[in-house]
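Below, chains carry the letters A, B, ... as their sequence lines are ordered, and counting in each starts from 1.
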Amino acid sequence: MFESPGISYATLWPVLLVLAVACAGVVVEAFAPRAARFNTQVSLALAGLVAALAGTVAVGAGSSLGASTGEGALIVDGPGVFSQGLVLLVSLGGVALFAERRLDNGVSAFAGQAAALPGTPAERTASQRGLEHTEVYPLMMFAVGGMMLFCISGDLLMLFVALEVLSLPLYLLTGLARRRRLLSQEAALKYFLLGAFSSGIFLYGLALVYGFAGSMSLAEIGDVAAEEGSSPLLLLGIGLMAVGLLFKTGAVPFHSWTPDVYQGAPTPVTAWMSAATKIAAFAAMLRLFYVAFGAEGDIWRPAIGVIAVLTMLLGASFAVVQTDVKRMLGYSAVAHTGFLLTGLLGVQTDAFGSTQAVLFYLTAYGFATLGAFAIVSLVRGPNGEVGSLERWAGLGRSNPWVAATFAVFLLSMAGLPLTGGFIGKWGVFAAALGAGQWPVVAVAIGSSIIAIFFYVRMIMVMFFTDPREDAAAVVTPSYATTVVIALSAVATVLLGVIPGPVLSLLVDAGGFIG
Amino acid sequence: MLTILVLVPFAGALITAVMPARPKAWAFGFALATLIAGIVTMFTAPDTDLVWIEPLGVHWALEMDGFGKLMVMLTVVLVPLVMVAAVKDHDKRWYAWALALEAFALLTFTAGDLFLFYIAFEATLIPAYFMIGQHGGPNRARAALKFLMFQLGGGLVLLGALIGFFVVSSEAGSPSYLISDLAQLDIGTNAERWIFVAMFIAFAVKAPLFPVHTWLADTTEQATTPTSVLLVCVLDKIGTFGMIRLCLGLVPEASAWATPVVVVLALISIVYGAVLAIGQDDLLRLIGLTSLSHFGLITLGIFAATREGLVGAMLYMVNHGVATAAMFLIAGFLIARKGTASISSMRGLEKATPVLAGSFLIAGLATAGLPGLSQFVSEILVLISAFDYHWLVGVIAVTAIVLAAIYVLWAYQRIFTGPAQLSRPVSDLDRREIGVVAPLLVALLFFGFVPGPLISAASPVVEPLVNVIQAGE
Amino acid sequence: MVNPVEASGVFTLIWLVIALPLAGAALILIGRPLAPALFDRVGHWLAVGLAGASFVLSVVLFIAALGRDEESRQVVQHLYTWFDTGSLDVGFDLLYDQLSSLFLLLITGVGTLIHIYSVGYMADDERRTRFFGYLNLFLAAMLMLVLAENYVGLFLGWEGVGLASYLLIGFWQYKPSAAAAAKKAFVMNRVGDMGLSLAIALCFVTFGSTSFSAIDVSDTTTTTLNWLGILLLIGACGKSAQVPLQGWLLDAMEGPTPVSALIHAATMVTAGVYLIVRSSAIFEAAEAASTAVVVVALVTIIWGAAVSCVKDDIKKVLAGSTMSQIGYMMLAAGLGGPGYAFAIFHLLTHGFFKANMFLGAGSVMHGMNDDVNLKHYGALSRAMPVTFLTFSMGYLAIIGFPGFAGFWSKDKILEVAFADSWLVGIIALLAAGVTAFYMTRLMMLAFFGRKRWPEGVHPHESPRIMTGPLVVLAALSVLGGVFALGGWIEHWLEPVVAAGPAEHHGPLPVWATSVLAVLVVAIGVAAAGFVFGRRPVTTAPTPYLHVPHVEDVVVPPGMAVVRGTLATDKYAVDGLMSGGPIALAAIAGELRKAQTGYVRSYALSVLGGTVLVALALIVVS
Amino acid sequence: MTDNTTAYVILSAILFTIGTIGVLTRRNAIVVFMCVELMLNAANLALVAFSRMHGNLDGQVTAFFVMVVAAAEVVVGLAIIMTIFRTRNTASVDEPRMLKW
Amino acid sequence: MSFVILASVTVIAAMGLLFARKPVHAALSLAVVMVGLAMIYATLEAPFLFAVQIVVYTGAILMLFLFVIMLVGVDTSDTLKETIAGQKVLAVVLGVALGATLIAGVGQASIATMRGLASANEGGNVQRLADLLFSRYVIAFEATSALLITAAIGAMVLAHRERIDPKQSQTDLAQKRVADYAKSGKHLGPLPPPGTFARHNSNDTPALLPDGSQSTKSVPAILAGGNSNGSADEGQGE
């Protein structure tokens, strides 16, 4: 009865490597002396990610693309590998941001002693001694591994496990901020409780889908669904599973955690998580919806469309009234989810279809949000990062380069031409319009206008407003952060100016397969 | 060659931004280089067509027909002039932005690819935003924001049209954004109309037309006059440029379908803008609002879609650019002297500043369409075409000439005439300022009597458009 | 009908007629700021010289034209193509024909005289040079107006004279009243220009060209022609100060007196008459339009005369009279047929005697320290003998004293009027009487009676340079009738105005009209003599006419409209545009309260979303 | 012993519903979390039932995985809850609400 | 019949989660649910899960819950009074709506009768599960290791206080005490143990000193500030 599963390690090794690095990190944590841990962990993580990235590229270029492995548990197809690569790229940036220790007097953004109570002598001692939790790197690696699995999951079970693998470290990382511990812990609690709640819903949907199809494999579900047509069981399953994924991406009305968590989490975590989670979640969502539920497209598209509309409108509108930069970017992330969902409404085509559109959007958005939050972490006052929008006034004069770079990211998020965000926006709108979803596109355009408002206002505040007395100042970061910001900016611009190569790559990568 | 035309100012912008010493001189040098490049391209300008973003069918395609030449010339001539005008109270950032604006504006006017056009169309806004926001009146930040919001709003609507084209083009085969390809495209009536509406909204915001004009006066009030010149005289032209190039050029049937509505909007703009201008106390707002009226006339000429109308509209775009530039710059010099733009706080300045007053009057009368000054020719052509379209349209449009006389002369009367009351000495235009204004005034006079070169540039472009439209009807 | 030949010989110099004064204007206006001292010394003589040169050239051209056959007296000179859109071809073309030849003589002749006069009149003005620049500019524009071969060219001159008029009325712009008057003149002229602009448009739409020679009424409906005529009439009303666009002319007297003489009496204001005569081909075929011209003319005749009766300002009396006289010309033009020629005839004689009287008035003011109030005059005949005598010539001419220029020209018009209808004739006739009345009043108050001079005023005769032109113009006022000898002017203009044969089917014989006119005039003079000669009247005999002018009716509500529009724009239009974001922010500000911070609320929204999604999927399927 | 799958699924749906309502109404974080566990258990029940219905063991395997996942989740969750409790001295989920609007 | 009984028991026990005031009671009712479910699994031909459910879920996970409840304080009880306006009503309405939708959906679905697992379980349920687990689901299985490690790290990070200073030995402590006494005359003897002379014996009840006043030092810092008897003006006796 037992058949050895045909696992193609040639295509899987990048994921396994990342997970192995995570385990190695744990070992390091256990045995390496404290002084050596930071450097070891960071180099380990960077090396692992770089190697995995190289591996992903090799897999992407290799001939085995499109094969399923582990008896269908994982599908190593073009879009999947692309999103894996993307996750790895932003995670590289994430590691660099995690490792930033120059901003806060030689310590990182993570708590010195998470177990020490906020405001106690123990906490102060930990801070003074420069303690930090180097466990964040293995945690992050686990999350990255989970995300990579999420991108290529070929069955429901894998999807669920990967979801948890990527989520649990995120819950933990959210609660590890060095400053504003209370906010951070609150964010962690909220993220965790809601995450668990939504994964419960997701799981129930999974059960229903399984009940309908009798199989966990996405492809088989797709076949059964195409054969038998829609049953309430399947539809309810789709709905509940969608909720789980929409929660992860932060779509309205499942978005409420987003601003709180984005604001509360340590900024490097926010930066990385906002980019990476969204990439992984959308990759999984695209696969799930196109491969398993493709036949029910006519049924779920209206619902997703309504959610997209709500997400865009509310995300953008709420962002308008924010006074905290991180929170504003959090709501902006919600709005972007809406735009991405617009892209989801399209169909997969041979040429430029919704898969390409969404993935490109994710690329552009990933770099922009990574860079933007990285800059947020630079802008500080006496008590750490300055979130208050008003205190950013005049930054364009005191630090023109930083402000200008931030403006580039904002403009990209706003979707202005010559930035990646524009092509991304163009793409998702085109995908949706091509599928005849013009009402959603119309709303999307409307909410883009709203969204532009707060991005542009931010630029106005930085460049055209006189600084206040307690204005924030920019702290010079280490090379790590500088490089991340610079590369993100370059990528953002390049994606706008010469998007051709990436688009061609995506077109060549084809669509999601089962 | 056309690529160079675009790249020169762009490179100039970058260099100006980083140049530690004498950045303004560098900027001016680059503006002059662009002027030279512009002149050279008048004669030898092979079209460029390179594939840019293959999956989307986007090309780096540059081409320049007679109409494009007119707009390019207007741009490359105005930029050095405003740079001279701006030298005193603008820093190097402004100069860098101005060059960037020039680069993108030139790109818009020469784009042979709709996607490229759109990118340049939107990209112009960033320099403009910073130019408004960094120099000018106390409320400039808000004005800049308002400006940008209106423009980007319009731009996003245009994006809808852009995507619509892509979808149609993809369905027809391989996608292409080349304007020449799109013109061949068979778009369904319904889609064509929607595309038209989207494009028109964008261009109406840009131009501007009633009722999406409200950013205009706020912007011109707060921005410095050199900025306003670039905005109103160059940037806004993209709106009407787009109406001709894209609305008439790509979706002629829909244009014909929408003409009644457009004409009504244009008429409202003409009268409304002029009436608003009459009621202004702020000189810069006044000048800004006159443009609303003029853009109404230009639009009217475009959509009347006769030979006279189109030629007139194209000429009008150039002439309005020159005349309004002169108005703005002179007003700027005046305001620099008085420290305020409030008309009611000026009186009897003619005595102290006869040259300034005279220049203002000439520019103002040009704006009012006095024969012998360049704007007249375009205005009469537009009026003729409007009358040709429907006599009532002509009758309403013609009120512009009275209203224009009122706002120009009343402003002149309030500012320059009456007993001189000078709390502090006010000097007349100096050499630099005359150097800025004189070329514009000479151009106004010259093209008033010899508009031939402009017309011969515009005519070949008009011919096919008129044929298409008449065939469409 | 205009059917010209190409320019040759001396006629290739037509352009120079315009170019000379234009060059003067350009030289002076640009050169003065560059070299003030030089131009202050010679600028005015330069202007005089160029105006004179232009006059000489005009005379030469006239003589040359006289020497030509009737067929080749219409000469067109194509300078260059002004603008050509493919369908609309407007050349920068000049047309020298019988009509423009007379105008050339009048404009350059009277113009030169007034230039000379101004040298004296403006001697003390520090901006005199610029004044001459403007005068030259005016001449150039006026010449362009009458020499243009098409309506667009005419419009160029038309607006050019408007500009010059604006500049000159407002020459003393430190006076707010002058500045306001200048603006008013220009704006009201522009109201007329709307008509002319539309006429150009209609002309193009109808005939496919704006050239005079392209006017061909044979293929055109009467309705179109009537509209064309009415549009032209509107244009003419503005420029020629005809009711209802007459209001600016009285205010225009704020300008220096030579300006009033040249522009607002002799030349520019008659441009409307020129326009109608030039468009005679259209009016001949457009009966309703012609009738409209007649009606406007009659109303203006009465209005102008009435105004003149009650004004105490000497220049305004003359201005009202000008209106009235131009009304006569319009009347003649509107009546058609030989009337066109008579209109031009009266235009010429009026140009002489009215310029004469204006300059005389200027001379008086010069002596009276620029006081214009008739109440402060009196008994000036001895203080200023030359002025008095020359003014008297003008006076006799205008009231139509037999033998004087005005007699002949007005007589012709009365003939035509009576030929048309009793009513028209009688109104014209009575107005002639009123003319005699108010002019006599002016004479009595200014030159006779007691001295009413304010203190410190010592009237004196003007210098020779001013009286010289007065004498010349006085002579012309007397002798202007020569044009009518043997119906010369009718014959001369016949090829242009397309007049029918001069037939008289009037109810009265020609001689009876003349006699009646003389009688009525005599009564008018007598009445004035009776009223003002016997007792020292120092106030106007009737209460000021409280008839509102058009602009008084239009401006206040106009400003209300402006204010209303401003408010609309600020609150309604911009409110809608910019208020959207504000409303959105307000709504979002309220809605975001849903983000309570309670994790359970968040969970609630997740659950709510779940229920909705689930239900939606079920429902959709 | 019944062969009717529907009954099991309905039971699981009821448990699931109770779980969700509990999450929304209970304030003690631990209890809230227990309700989440109830939801997972409900899903497990459905999985096992469906597994039997379809005659394959995928559902059972999944249920097993869910238990593993739940175990890990519980550890992490309780750790977070403990942290909050130690800081604030309360396990109420309503208490930490500095992040809002 | 057994299903009906088990179903009723589980549902009633599940209701306990909604209505039990004390977390402990909730945990215990959850235990009942889990055991009930385990029995249902047994009836559903899932003997392995039956065991795992009891061992892992009831035995491990629930014990963890209980443990934490102990840490947090067994006494703490939830008031069931709702503080967020409309929350309870909406929660019930939406929850019931969801449940109704699910039940209706499931009811409508044409669910086949059970095929039974006889063939699938051939050779033993555990063996067949293992076959699947190590073939088709082996990657997921591996991935769960990541989960478990994450959980372990998480617990360590959040709960473990790393020792920063070297541990003080008895000698060190004694020397320090004496030094303090020498310097500031600080009490040399041991602190009173908690609960001494007190009416309650929980950790957070301060000891009463012989003079009847309370000693704050007797309460662990972590519990100080909680609701104990007479904490309002503690320490005044010293």
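For the options E/A20, E/A100, E/A159, heavy-atom pairs under 4.5 Å to chain D are most numerous at E/A20. No other option in D/L11, D/T25, D/I10 has as many heavy-atom pairs under 4.5 Å with chain E as D/L11. The residue among E/L94, E/V56, E/N125 with the most heavy atom pairs within less than 4.5 Å of chain D is E/N125. Heavy-atom pairs under 4.5 Å with chain E were tallied for D/L38, D/V69, D/T20, D/I14; the largest tally goes to D/L38. Residue with the most contacts toward chain E among D/T62, D/N44, D/T83, D/T90: D/N44 (heavy-atom pairs, distance under 4.5 Å). Between chain E and the options D/I80, D/V75, D/N41, D/V48, the largest number of non-hydrogen pairs under 4.5 Å is found for D/N41. Ranking D/I30, D/L15, D/V76 against chain E, the residue ahead of the rest is D/I30, based on heavy-atom pairs under 4.5 Å. With chain E as partner, the option from D/V68, D/V23, D/L45, D/D94 having the largest number of non-hydrogen pairs under 4.5 angstrom is D/L45.
Residues E/T144 and D/F64 are not in side-chain contact: their nearest non-hydrogen atoms beyond the backbone lie 4.5 Å or more apart. Residues E/L98 and D/T17 fail the side-chain proximity criterion, which asks for heavy atoms closer than 4.5 Å. Residues E/L158 and D/M82 are not in side-chain contact: their nearest non-hydrogen atoms beyond the backbone lie 4.5 Å or more apart. Residues D/M67 and E/L49 have side chains in contact (heavy-atom distance under 4.5 Å, counting atoms from C-beta outward). Inter-residue side-chain proximity for E/V72 and D/I81 is flagged as unmet; no heavy-atom pair is nearer than 4.5 Å. When side chains are defined from C-beta on, E/L132 does not count as touching D/Q60, because their heavy atoms never get closer than 4.5 Å. Within the 4.5 Å cutoff, side-chain heavy atoms of D/M34 are placed close to those of E/F65.
Heavy atoms closer than 4.5 Å to chain D are found nowhere in E/A60, neither backbone nor side chain. Residue contact with chain D, scored on non-hydrogen atoms closer than 4.5 Å, involves the backbone and the side chain of E/A140 alike. Contact annotation for E/L37: only side-chain heavy atoms (C-beta onward) come within less than 4.5 Å of a heavy atom of chain D. Neither the backbone nor the side chain of E/A97 comes within contact range of chain D; no heavy atom of the residue lies under 4.5 Å from a heavy atom of that chain. Contact of E/M34 with chain D is made through the side chain alone, with heavy-atom distances under 4.5 Å. Proximity to chain D is limited to the side chain of E/V33, based on heavy atoms less than 4.5 angstrom apart. Heavy-atom distances place both the backbone and the side chain of D/A70 under 4.5 Å from chain E.
Taken to the nearest 0.5 Å, the CZ atom of D/R52 stands 7.0 Å off from the OG1 atom of E/T43. In this structure, the separation between CG on D/N56 and CZ on E/R128 is 13.5 Å, given to the nearest 0.5 Å. How far CD of E/Q87 is from CG of D/L24: 5.0 Å, rounded to the nearest 0.5 Å.
Looking at D/E37 and E/Y57, their side chains do bring a donor and an acceptor atom within 3.5 Å of each other.
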